[in-house]
Amino acid sequence: MRNAGHLSMAYLIEMVGMVGKFQESLERHGTETHLKQAMKHGLLAYRSVIDSVLDALEEEEKAPPMARKINISKE
């Protein structure tokens with residue numbers, strides 16, 4: 001068993017091997033392509049939200065100013 005805070009050389013070698021296998025698996029299954037597509041769709045969704053916010057702000061600027069009632073309590 002390892003001591004807390006101390007990584008043995010065997011453990012580090014095992015972790016490097018696991019990372020290598022994980023990378024090979026990603027390449028073999030075309031996961032990189034899926035990740036790129038997911039990022040693309042996410043960015044398109046963000047852009048859509050930003051466009052909607054900008055449209056709402058522009059509409060607000062075009063609207064005539066309205067008086068608003070402010071309630072003041074006597075407490």
If you define the side chain from C-beta out and look only at heavy atoms, does anything of Glu58 sit under 4.5 Å from Asp55?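 Side-chain contact under 4.5 Å: yes.
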
Taking the side chain as every heavy atom from C-beta outward, state whether Gln37 and Lys40 have any atom pair closer than 4.5 Å.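 Sidechains of Lys40 and Gln37: in contact.
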
Check for a donor-acceptor pair, side chain of Ser48 on one end and backbone N or O of Leu44 on the other, with a separation under 3.5 Å. no

List the steps, then state whether side chain to side chain contact (heavy atoms under 4.5 Å, CB included) holds for Asp51 with Arg47. CA-CA 6 Å; Asp51 287 343; Arg47 185 170 71 181; 3.9 Å; yes

